[in-house]
Amino acid sequence: MNLDVLIGGAIRQFGQRTAVFDDRRKVGFDELGERIDRLGSALAALGLVRGDRIASLQRNSIETVETDLMAARFGYVRTLLNARSSAEDHVHCIGHCGARALIFGAGFADHVDALRDRLPNVEFFIAVGGAPARALPYDDLIRRQTAAPPPWTVEEHHPHSVYYTSGTTGRPKGVLLSQRNWLVVVRNHLVDTFRHARETDVLLHATPLSFASGCAVIPHLVRGASQRILEQFDARRVYEAIERDRVTTTILVPTMIQMMLDLPGSESFDTGSLHTVLYGGAPMAAERIRETFERWGPVLMQGYGQWEAPQLISRLGRREHAEAIADPAKARRLASAGRPLSFVRVGIVDDEGALQPAGTEGEIVTAGDHLMVGYLDNEEATEELREGPWQRTGDIGKLDEDGYLYLTDRKKDVIVTGGSNVYPRDIEDVLYRHPDLLEAVAVGVPSEQWGETVHVVAVPRRGRELDGEALVDWCRERLPPDKRPRSASIVDSLPKSGYGKILRREVRQSFWRGRDRRI
Ligand code: AMP
């Protein structure tokens, strides 16, 4: 079995129906099939073979979907880079996965040109849209090549993709997924999350295809639905797309939902075509869930997951949202991350790895056929997560008697703000350059709008003074927008362990006390 059985099957079955479309053009299933065969064959003609890695740096576009499906069909291993990450992260990820080709969108030409000398493994730079000098034009590759199926067979155990994700320190780690992993992602979506998806559906990709939105592509292709591409999230444009294209399904992070609710005049848009809005990646406050429910109706579905156990572990379904809103006895469930998916096991373990009964807080572990192959070239880090059939998630939580999972904390230090991952180390490296600062930690603190925002707790050097606001301004000049602290407090000392290690979690927890849902 391989992903092409699904992709090829959908193309044959739905022929002339629209598979993907944006503001300007529509691509039918058969045309999509033809284009991905041409693209895949063009790469083979350049000398790429099954298992070679292709990095893609694009905002959402029809070409992003094509690249994704082409790689799956031909057995190239794709890495979809986060367009919002720093140049350093891009260099790291492209080098770490050893990409031979880099496909980049029109808006990234200068960025890629500036990095070019630092990407020695990239042999082919392929530009979507107007091609700059020293790059192959994507459209020419497709136009000049005749379509042919892959010249090799692709099997279940072959690698499918590398996703870069949270680490406690340093650079993101590469999560290696196989064709089998992705088949499981598709199956789980078809069995649980998108089990109602059908031919008449329109799925709107408003969040990056390099994140959760990308997991919805093949499940909807298989069901013959059309996929509406939005280059990037913009609250008004999402409403306009929903209204004009009769969107039925979309995937958003809580912050985006909040921005949409707050958009002046948003009540006048018709969202009546929606039946499913999958949200996740970060918690959403119960009050916000109620507000969204009132505005958009019973469309909300929550997903909790991570790339190491792709892509979802648990979900709170639409009916469960409705019941929790209507029935005070079930209201607590709005603070949960729902129940495990049908094919996924979830447990809670203590520090020794022993499974705990309902009601006890501990680390969330998961087992099933959804677990990643492992971190790319990092067996040690993979082994650290594994405990028999179980894999640790790094999230702390508990299960209740009815099997609902509550997330209460995170072992990892990553700060999830507006659905983006921010590593405290990146901020602290900058902070420690401040001449008056002795030590500091960056932690995530509660925010209605962003889920978490970055807060800095800093200690001045002896005899020096620090001012919270001035420190925030100082960081603003030195950090990209998504990593900037929003606030800072100045203290005399930070809590430390017996070994003198700063107890980051203790600092963080002091901001989250008394909340029904801490992450
Ligand atoms: P990533 O692998 O980069 O997508 O990050 C996954 C992490 O995001 C998880 O381990 C959680 O800490 C957090 N996360 C994902 N979904 C949710 C959710 N529904 N509620 C709270 N946190 C979430």
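Positions are given from 1 along the sequence. Order of appearance sets the numbers: ligands from 1, and atoms from 1 within every ligand.
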Within less than 4.0 angstrom of ligand 1, does [X] place any heavy atom?
X	result
Gly303	yes
Gly305	yes
Gly394	no

> Should one rank Trp307, Tyr279, Phe211 by closest heavy-atom distance to atom 2 (O) of ligand 1, which comes out on top?
Replying inline: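 Looking at heavy atoms only, Trp307 sits closest to atom 2 (O) of ligand 1.
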
>> Please compare Leu316, Val253, Asp395 and report which has the shortest non-hydrogen distance to atom 11 (C) of ligand 1.
In response: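 Of the listed residues, Asp395 has the closest heavy atom.
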
> Which of the atoms in ligand 1, numbered in the order shown and given with their element, are less than 4.0 Å from a heavy-atom of Thr165?
Replying inline: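 This gives 1 (P), 2 (O), 3 (O) as the contact atoms.
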
Is it true that the NZ or CZ of [X] lies under 6.0 Å from the centre of [Y]'s six-membered ring and within 45 degrees of the ring axis?
X	Y	answer
Arg315	Tyr304	no
Arg332	Tyr406	yes
Arg318	Trp296	no

> Is it the side chain (CB and beyond), the backbone, both or neither of Val414 that lies under 4.0 Å from ligand 1, heavy atoms counted?
Replying inline: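 It is neither; nothing of Val414 touches ligand 1.
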
>> With respect to Gln302, determine whether any N or O atom, backbone or side chain, lies less than 3.5 Å from an N or O atom of ligand 1.
In response: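 There is such a contact, yes.
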
>> Any nitrogen or oxygen of Gly281, side chain or backbone, less than 3.5 Å from one on ligand 1?
In response: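 Yes, at least one N or O pair falls under 3.5 Å.
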
> Centres of the Tyr279 and His321 rings: under 6.0 Å?
Replying inline: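 Yes, the ring centres sit under 6.0 Å apart.
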
> Centroid-to-centroid, His96 to Tyr164, below 6.0 Å?
Replying inline: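 Centroid distance His96-Tyr164: below 6.0 Å, so yes.
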
> What residues form a ring-ring contact (aromatic ring centres under 6.0 Å, His included) with Tyr239, not counting sequence neighbours?
Replying inline: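 For Tyr239 the ring-ring contact (aromatic ring centres under 6.0 Å, His included) partners, ignoring immediate neighbours, are Phe269.
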
>> Once side-chain hydrogen bond (donor to acceptor under 3.5 Å, both in side chains) is applied, do any residues pair with His160, and if so which ones, sequence neighbours excluded?
In response: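 His160: no side-chain hydrogen bond (donor to acceptor under 3.5 Å, both in side chains) contacts found.
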
